[in-house]
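In what follows, every chain begins at residue 1, and chains take the letters A, B, ... in the order their sequences are listed.
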Amino acid sequence: MICDAGTKARFTRPLVRWYRTAGRDLPWRNRPEPYAVYISEIMLQQTQVSTVIPYFHRFLSAYPTIGDLAAAPLEKVLKQWQGLGYYARARHLHRAACQIVEQYGGAFPSDLKALMSLPGIGRSTAGAILTIALGQRHPILDGNVRRVLCRFFAIKEDPREKKVEAMLWDLSSALLPKRLPGFYLQAIMDLGATICKPKQPICGDCPVTRACGARRAGLQADIPLKKPTKMIPHFDYVAGVILSGDAVLIRRRPLKGLLAGLWEFPGDRVAEIFGELSADESPEAALHTYFKNELGLELTTAGQWMTIKHVFTHFKMTLHVFICRIDAQLGYEAPFRWAKMKTLDQHPFSSSHHRIVLRLDTLDRGGSATLSAS
DNA sequence: TACTCGTGGAG
DNA sequence: TCTCCAAGAGT
């Protein structure tokens, strides 16, 4: 794919002109320092702008500088991240902040390779930070740029193919203007987000519609090539809300894997508790077996208390929740903990388990309504 | 290369 | 209700 000077001019000039009037006013654009741009770029990975905005404000308020972030315990950072998903981002963010403080004296690295060596920062994120915040000139290749370039240059091949991806990086690099490259990067991302959308692009409002290859060929809906949808499995999970006095039993998930480092109500996958062969056991029986095996606890539950359906990236979950009050508050060791009801919501929970926290909170305030099912 | 890793909004 | 998917990176 060639990109001569004329093509470049027909793309970048109208785009930047369009951005001057149609660009979005986003909070991190008022804070051009590397730290704020860094936080925004990490939060925006696979996450929509409208979701990120409130998190961005809260995060910057809690941790105004990279030093504040590095000094905070990981668990507090995860609490700030609660509900945003992809929690490895928060763990990497915290680790990277510590590294920047220790290795660079708290000054943000201004070198692409140095930045990319930090956890959670790939080529695109590093390029965006240096270009937008420091005025350097690096290409990016995120979902917006990939889609806009595939359409503008009418690339019909699969953009996830290594060869095509390399070509897109080259194009992204070749199109970078010498003047105000950071301005241009934000322009092309805005175009992808508001005009050149995945579905039903608004070609009539596009500043480069006349030179767009896909538009000319009428292939806007077919470019970029979509990957075939894959069936994802469904699993049944159980969780137990164990109350004793004014405390609740919770458990911290391991620091690797799904929802790493978050707290949850103890339980497991039903098939994991019984073994794969006996899948027809009831969730309630599974929960009893789990508590007997893990904690030597004989539960008495009165039917399902909540049912929570949740969809992860690669599987669907039905979470069967049971509630039970016990007398003795046994001193369980990590990763288990008895949390006072009032401090429960200070722990970071996954979205599905946080729904249990909220329900528990209304029950707690409600006073005597206690353990009735509904 | 292919899989893992969340969530909520839009249509 | 179902499907798609949003400023990717790590393994």
Would you tabulate the side-chain donor-acceptor contacts of residues 161-183 of chain A under 3.5 Å, counting partners in other chains and residues two or more places apart, or write 'none'?
from   : atom 1 : to     : atom 2 : distance (Å)
A:S172 : OG     : A:I140 : O      : 2.7

- Query: Start at the 5' end of DNA chain B and walk down; is the nucleotide closest to A:L259 or to A:K199 reached first?
  - Reply: A:L259
- Query: Which nucleotide in the list B:dG6, B:dG8, C:dG10 gets nearest to the side chain of A:S351?
  - Reply: B:dG8
- Item | Minimum-distance nucleotide to A:T313 side chain [options: C:dC5, C:dG8, B:dC5] | B:dC5
- Message: Assess, by modelled atom type and distance only, whether the side chains of A:R89 and A:T47 contain a donor and an acceptor separated by less than 3.5 Å.
- Response: yes
- Message: Is the shortest side-chain heavy-atom distance between A:S117 and A:Q99 below 4.5 Å?
- Response: no
- Query: Base, sugar-phosphate, or nothing for A:G83, non-hydrogen atoms under 4.0 angstrom?
  - Reply: sugar-phosphate
- Message: Nearest heavy atom decides the nucleotide; on that basis, is A:H92 or A:L26 closer to the 5' end of DNA chain C?
- Response: A:L26
- Query: Are any of A:R147's side-chain N or O atoms less than 4.0 Å away from OP1 or OP2 of C:dA6?
  - Reply: yes
- Message: Does the plane of the ring in A:F153 sit parallel, tilted or perpendicular to the ring in A:F11? Use 30° and 60° as the thresholds.
- Response: tilted
- Item | Distance, C1' atom - from C:dT1 to B:dG8, rounded to whole angstrom | 16 Å
- For A:L262 and for A:K163, locate the closest nucleotide of DNA chain B by heavy-atom distance; then report the residue assigned to the nucleotide nearer the 5' terminus. A:K163
- Task: Go through residues 29-47 of chain A and report each residue with a non-hydrogen atom lying under 4.0 Å from DNA chain C, sorted by number.
- Result: A:R29, A:E41, A:L44, A:Q45, A:Q46
